[in-house]
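Quick notes on the structure that follows.
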Amino acid sequence: MATNLTGAVALVTGASSGIGVATARQLAERGASVALVARRTDRLEDLSTEIEKAGGTALAVEADITDRTQAEAAVQQTVEHFGRLDILVNNAGLMLLGPVVGADVEEWERMLAVNVQGLLYTTRAALPHLLRAAEDGPRRVADIVNISSIAGRVAWNGYGVYNLTKFGVNGFTESLRQEVTQRHVRVGVLEPGGVDTELGSHNKPEVRDTMIDPFYEATEVLAPEDIADGVSYIVTRPRHASVGELWIMPTDQV
Ligand code: NDP
């Protein structure tokens, strides 16, 4: 039996675009109060207004999670505003593709900073609150959902450092799951295949022309809502059931 999220507080990173927007909407529809974290505050404010108009509860929180102080402040602001934290969705991410030979090192650093360090900073800051929620919150269970990727399961030529970050997220997730699961903080990865978002648009034109656009033209990709469905599924399991891994692909993506 699924549980609803009334009374729970969720923090979604990367809530200004794509999967994060759809996830925040769905968690709010299921009754959670949702902290919307990203850098583009105009978008966060618009989403917050939309959620509130639909009868939900949301808070826009500006943060660049690659800055440890800002990641910690985002968690703190959420807990100060809503009084607790039950669910963390580590969704913010960046995918910059291309060969390793002659690579733009600055692109590597930006990806590592968001996909790895940002996720670590946010998780570390959230854990004491999640452990408390699991102990004495109404659900007596808490959740971390890390948005990894099929690129955390399979390596491809040209995906090197993105693969590195997402394989890393998968390993970290399972290690943390083992550390806290018996204290009823459930930790899982969700690994999407291609989703229709802005993710590919941050790449250099030659990468977009050769690696991104041909894939999107040839594939009926997922909608962000398909991944939000997966997050909702994970966080609404009964207390005794933990989803460690969920892999969601477009049907026609090999
Ligand atoms: P989008 O580019 O649409 O969204 C990325 C989000 O991350 C934005 O809200 C952006 O907000 C946020 N973000 C980026 N950098 C930072 C930062 N420094 N601090 C805070 N927030 C940041 O991409 P998706 O929705 O597709 O991506 C979400 C996740 O899904 C990523 O982890 C991605 O790797 C993963 N994924 C996506 C797939 C796809 O095909 N789209 C497939 C598999 C996995 P802002 O710029 O306002 O800060």
Side-chain angles (χ1 to χ4, degrees), residues 11-26 34-48 60-75 77 88-97 107 109-123 125 145-154 156 159 161-170 172-173 189-203 208 211-213 215-216 218-228 230-231 245-250 253:
L11 187 161
V12 180
T13 68
S16 62
S17 173
I19 293 168
V21 170
T23 298
R25 274 194 193 122
Q26 273 210 21
V34 186
L36 313 168
V37 177
R39 294 166 302 179
R40 286 172 290 180
T41 43
D42 51 337
R43 290 185 177 208
L44 299 179
E45 294 293 353
D46 288 350
L47 180 59
S48 174
V61 179
E62 178 181 5
D64 178 342
I65 61 162
T66 67
D67 177 333
R68 180 154 67 95
T69 310
Q70 290 188 42
E72 290 171 354
V75 171
Q77 206 180 319
L88 170 64
V89 183
N90 281 313
N91 163 74
L94 193 56
M95 179 188 75
L96 301 170
L97 307 180
E107 288 199 339
E109 289 167 350
R110 284 169 57 210
M111 251 189 305
L112 288 163
V114 184
N115 300 5
V116 177
Q117 280 165 286
L119 179 143
L120 293 178
Y121 297 152
T122 313
T123 301
V145 182
N146 291 331
I147 306 299
S148 176
S149 169
I150 181 180
R153 300 171 55 97
V154 182
W156 292 302
Y159 279 68
V161 178
Y162 187 66
N163 279 137
L164 171 73
T165 66
K166 295 300 187 178
F167 271 72
V169 167
N170 283 19
F172 174 71
T173 303
V189 276
L190 199 165
E191 300 145 327
V195 188
D196 184 15
T197 72
E198 295 174 9
L199 191 71
S201 70
H202 308 295
N203 282 279
R208 289 206 306 271
M211 299 181 73
I212 309 282
D213 294 348
F215 168 77
Y216 277 86
T219 313
E220 187 186 347
V221 293
L222 298 164
E225 290 72 21
D226 295 318
I227 306 308
V231 176
E245 183 177 19
L246 185 57
W247 179 27
I248 304 179
M249 292 288 282
Q253 181 180 352

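In this text, all values refer to a predicted model and were calculated from it rather than measured experimentally. Each ligand, and each atom within it, is numbered from 1 in the order the structure gives. Atom set for the values below is all heavy atoms of this structure, side chains included, hydrogens, waters and symmetry mates excluded.
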Given T173, T123, T13, the one that forms side-chain hydrogen bond (donor to acceptor under 3.5 Å, both in side chains) with N90: T123
I'd like to check [X] versus [Y] (side-chain heavy atoms, cut-off strictly below 4.5 Å). Are they in contact?
X	Y	answer
E72	Y121	no
F172	V116	no
I248	P192	no
R40	S17	yes
Q117	T66	no
R110	L96	yes
V231	I147	yes

Need the ligand 1 atom indices (1-based, order shown) with element for anything under 4.0 Å from a heavy-atom of [X].
X	result
I19	25 (O), 26 (O), 30 (O), 37 (C)
G93	5 (C), 7 (O), 31 (C), 32 (O)
S16	8 (C), 9 (O), 10 (C), 11 (O), 45 (P), 47 (O)
Y162	33 (C), 34 (O), 36 (N), 44 (C)
R40	8 (C), 10 (C), 11 (O), 45 (P), 46 (O), 47 (O)
A63	19 (N), 20 (C)
D64	17 (C), 18 (N), 19 (N)
Y216	40 (O)

Over all atoms of both residues, closest heavy-atom pair of L190 and I227: CD1-O, 3.7 Å
Using a 4.0 Å heavy-atom cut-off, say whether [X] meets ligand 1 through its side chain, its backbone, both or neither.
X	value
H202	side chain
S148	backbone
V114	side chain
E191	neither

Enclosure of R43 CZ (heavy-atom neighbours >12, cutoff 6.0 Å): yes
Q253, CD: over 12 other non-hydrogen atoms inside 6.0 angstrom: yes
Among [options], closest by any non-hydrogen atom to [atom]:
atom	options	result
atom 23 (O) of ligand 1	I227, T197, V61, N115	T197
atom 22 (C) of ligand 1	G20, P250, A92	A92
atom 19 (N) of ligand 1	V12, I65, L94, V37	I65

Answer yes or no for [X]: is there a heavy-atom contact with ligand 1 below 4.0 Å?
X	value
G194	yes
T13	no
G193	yes
K166	yes
S201	no

Short N or O distance, S149 and ligand 1, threshold 3.5 Å exclusive: no
Nitrogen or oxygen atoms of V195 and ligand 1 under 3.5 Å apart: yes
Protein contact of atom 38 (C) of ligand 1 - nearest heavy atom, named by residue and atom, plus distance: L199 CD2, 3.7 Å
Protein contact to atom 28 (C) of ligand 1 [nearest heavy atom, distance to 0.1 Å]: N91 OD1, 3.0 Å
Residues forming a side-chain contact (heavy atoms from CB on, under 4.5 Å) with R153, sequence neighbours excluded: N170, E191, E245, W247
Pair listing, salt bridge (charged side-chain N to carboxylate O under 4.0 Å, His left out) test, anchored in residues 14-26, at least two apart: R25-E50
Candidates D42, L44, V21 - the one meeting side-chain contact (heavy atoms from CB on, under 4.5 Å) with S16: L44
